[in-house]
Amino acid sequence: MKYPTLIDTQQLFREHDHPVKAGLDPKCRSTKPLCPDSFAKVIKNIDTFIFDADGVLWLGESVMPGSPRLIDYLVKHNKQIIVLTNNATKSRAVYAKKLAKLGYNSSKMNKNNLVNPAAVVADTLHRSGLDGKRVYLIGEQGLRDEMDELGIEYFGHGPEKKQNEEAASGAFMYDIKLEENVGAVVVGYEKHFDYTKMMKAANYLREEGVLFVATNEDETCPGPNPEVVIPDAGPIVAAIRCASGRDPLTVGKPCTPAFNYIKRKWNINPSRTMMIGDRTNTDVKFGRDHGMKTLLVLSGCHQIEDIIENQMNERDDMVPDYVAPCLGALVPERM
């Protein structure tokens with residue numbers, strides 16, 4: 001099937017009442033493009049909006065044009081705002097500072113309105129009861145900050161000590177040192193991930209009682225250069241899953257722990273909640289799996305052709321209810 005060209009897509013948004021449909025199965029879910037007028041009607045039945053961050057609110061270190069105005073528009077209409085990112089490299093407090101720096105409403109977009117896998121991981125470990133055992137951690141500062149806040153003891157993060165030339169030939173594998181009293185292995189994105197870390201994680205996970213918790217399984221993350229692939233936590237989690245033969249409890253989108261965390265904290269009504277993101281396999285699936293309305297914005301990873309491909313493959317769980325070029329395209333001229 002021929003996918004829409006850029007011109008086709010622009011025409012699609014001009015005729016916003018025309019649904020995006022694969023055309024193979026008349027029963028397949030259609031996706032309706034939104035404009036300011038149609039969005040104004042949709043929000044009447046929505047109390048809570050959950051936003052992905054990278055590719056939606058910002059891209060790298062730059063604000064998505066028009067996104068702060070859309071947030072202000074929703075706040076003006078007394079909507080509850082939650083930010084749910086799959087990025088665990090920074091803490092909620094750091095992301096709150098970033099949002100403020102980019103011009104977002106700091107009274108509605110602060111640490112108390114933010115959720116990321118680091119916070120959910122720390123909460124999951126805290127609720128599981130480690131009984132004084134430590135956590136072997138593969139992850140960045142965000143995980144450490146959130147675990148520090150709940151008093152969870154961890155080790156293993158950062159670069160491994162360099163091996164000498166003899167050890168580098170392979171002998172180090174037979175003399176690897178493992179710590180005792182380990183209750184969990186936590187895996188997220190870490191720039192220092194290497195073979196030694198994979199080996200240690202796999203060996204700690206030989207013990208059946210050791211928890212295996214992953215932040216998220218995104219294959220890549222968006223960046224300012226669309227021609228450059230930026231691997232996310234998914235490949236690292238996949239390596240440890242393969243080496244250990246164990247499946248992790250993954251807490252980030254589209255998995256249920258993130259939803260349960262939000263449900264406990266805000267007591268949302270899923271049928272009156274909208275999940276907005278730029279990925280069909282995380283954001284849209286998360287919303288669809290948990291009974292929410294879904295909106296895909298085309299300012300990040302996935303595009304119209306991804307929606308159509310999901311329709312053709314009968315992946316109804318990854319077909320959004322609505323689509324828009326970006327958040328700014330939904331703001332009326334007069335707020």
Side-chain angles (χ1 to χ4, degrees), residues 34-120 142 145-146 149 222 224 252-253 258-259 261-270 272-279 283 286-287 292-300 322 324-335:
L34 290 178
C35 70
D37 289 342
S38 54
F39 183 65
K41 296 175 183 177
V42 168
I43 69 171
K44 292 178 181 178
N45 297 314
I46 304 295
D47 300 324
T48 301
F49 288 84
I50 304 177
F51 291 90
D52 179 41
D54 211 349
V56 179
L57 302 175
W58 65 64
L59 189 61
E61 297 305 313
S62 301
V63 67
M64 280 294 186
S67 292
R69 289 192 72 234
L70 187 278
I71 298 298
D72 291 340
Y73 174 67
L74 295 177
V75 170
K76 182 179 178 180
H77 285 78
N78 299 312
K79 304 301 180 181
Q80 180 168 250
I81 306 296
I82 300 170
V83 178
L84 172 62
T85 174
N86 259 9
N87 193 326
T89 61
K90 298 178 178 64
S91 67
R92 290 169 296 158
V94 171
Y95 282 127
K97 290 180 181 178
K98 180 173 183 176
L99 285 165
K101 182 180 178 181
L102 294 176
Y104 286 96
N105 186 322
S106 59
S107 66
K108 297 295 181 180
M109 306 278 275
N110 53 49
K111 178 183 174 182
N112 295 326
N113 300 87
L114 277 159
V115 181
N116 74 342
V120 184
D145 289 345
E146 297 290 351
E149 195 166 310
K253 296 171 292 184
F259 174 77
Y261 181 92
I262 290 172
K263 192 77 166 61
R264 285 195 305 270
K265 189 169 182 179
W266 285 281
N267 193 31
I268 63 168
N269 178 353
R272 295 187 61 84
T273 300
M274 177 176 281
M275 178 69 218
I276 302 177
D278 68 317
R279 296 180 66 108
D283 302 313
F286 178 75
M292 300 177 236
K293 298 292 188 293
T294 55
L295 166 61
L296 181 77
V297 290
L298 308 179
S299 49
Y322 303 102
C326 60
L327 294 184
L330 301 174
V331 185
E333 290 185 14
R334 287 190 173 185
M335 293 174 55

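Treat the numbers as computed from the prediction; the structure is a model and nothing was measured.
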Subject >> Side chain Lys253, main chain Leu84, donor-acceptor under 3.5 Å >> reply: yes
**OP:** Determine yes or no for a side-chain-to-main-chain donor-acceptor pair under 3.5 angstrom, with Asp145 supplying the side chain and Gly142 the backbone.
**Re:** no
Original post:
Would you find a donor on one side and an acceptor on the other, under 3.5 Å apart, between the side chain of Tyr95 and the backbone of Val115?
Top reply: no
Original post:
Using 4.0 Å as the upper bound for N to carboxylate O, is an ion pair formed by Glu149 and Lys111?
Top reply: yes
**OP:** Give, for atom OG of Ser107 and atom CG of Asn112, the distance between the pair rounded to the nearest 0.5 Å.
**Re:** 11.5 Å
**OP:** Answer yes or no: is there a side-chain heavy-atom contact under 4.5 Å between Ile276 and Asp52?
**Re:** no
Original post:
Is there a donor in the side chain of Thr85 and an acceptor in the side chain of Asn87, or the other way round, less than 3.5 Å apart?
Top reply: no
Subject >> N/O donor-acceptor pair under 3.5 Å between Ser299 side chain and Gly55 backbone >> reply: yes
Original post:
Looking at OH of Tyr73 and CD1 of Ile43, how far apart are the two atoms once the value is rounded to the nearest 0.5 Å?
Top reply: 4.0 Å
Subject >> Nearest atoms (heavy-atom pairs only) where Val75 meets Lys108 >> reply: CG2-CG, 3.6 Å
Original post:
Does some side-chain heavy atom of Leu327 sit less than 4.5 Å from a side-chain heavy atom of Val297?
Top reply: yes
Original post:
What's the shortest heavy-atom distance between Met109 and Asn113, and which atoms?
Top reply: N-OD1, 4.4 Å
Subject >> Ile46 side, atom CD1; Met275 side, atom CE - distance, nearest 0.5 Å >> reply: 13.0 Å
Original post:
Would you find more than 12 non-hydrogen atoms of other residues, nucleotides or ligands less than 6.0 Å from Lys98 atom NZ?
Top reply: yes
Subject >> Gap between atom CG of Asn105 and atom CG of Leu74 - 0.5 Å precision >> reply: 11.0 Å
Original post:
Are Pro68 and Val63 side-chain neighbours, meaning at least one heavy-atom pair lies under 4.5 Å?
Top reply: yes
Subject >> Side chains of Ile71 and Phe51 in contact at under 4.5 Å (non-hydrogen atoms) >> reply: yes
Original post:
Do Thr273 and Asp47 touch side chain to side chain, with heavy atoms closer than 4.5 Å?
Top reply: no
**OP:** Mind running side chain to side chain contact (heavy atoms under 4.5 Å, CB included) on Leu59 and Asp54 for me, showing each step along the way?
**Re:** CA-CA 5 Å; Leu59 189 61; Asp54 211 349; 4.0 Å; yes
Subject >> Qualifying residue, where the test is side chain to side chain contact (heavy atoms under 4.5 Å, CB included) with Tyr104 and the options are Leu99, Asn110, Asp72 >> reply: Leu99
Original post:
Minimum heavy-atom separation for Lys44 to Arg272, with atom names?
Top reply: O-NH2, 3.5 Å
Original post:
Can you check side chain to side chain contact (heavy atoms under 4.5 Å, CB included) on Leu57 and Met64, steps first, answer last?
Top reply: CA-CA 5 Å; Leu57 302 175; Met64 280 294 186; 5.9 Å; no
Original post:
Can any side-chain N or O of Ser38 pair as donor or acceptor with the backbone N or O of Leu34 at less than 3.5 Å?
Top reply: no
**OP:** Give, for atom CG of Leu295 and atom CG of Leu330, the distance between the pair rounded to the nearest 0.5 Å.
**Re:** 6.0 Å
**OP:** Would you give the length of the straight line joining atom CG of Leu102 to atom OG of Ser62, rounded to the nearest 0.5 angstrom?
**Re:** 8.0 Å
Subject >> Within 6.0 angstrom of Lys263 NZ, more than 12 heavy atoms from elsewhere >> reply: yes
**OP:** Any chance you could lay out the side chain to side chain contact (heavy atoms under 4.5 Å, CB included) test for Gln80 and Phe49, step after step, and finish with the verdict?
**Re:** CA-CA 6 Å; Gln80 180 168 250; Phe49 288 84; over 6 Å; no
**OP:** Spell out, as yes or no, whether a donor-acceptor pair under 3.5 Å connects the side chain of Asn116 to the backbone of Asn86.
**Re:** no
Original post:
What are the two closest non-hydrogen atoms of Pro117 and Ala88, and how far apart are they?
Top reply: CB-CB, 4.0 Å
Subject >> Main-chain N/O of Met274 paired with Thr48 side-chain donor or acceptor, under 3.5 Å >> reply: no
Original post:
Taking NZ, NE, NH1 and NH2 as the nitrogens, is one of them in Lys101 or Glu61 under 4.0 Å from a carboxylate oxygen of the other?
Top reply: no
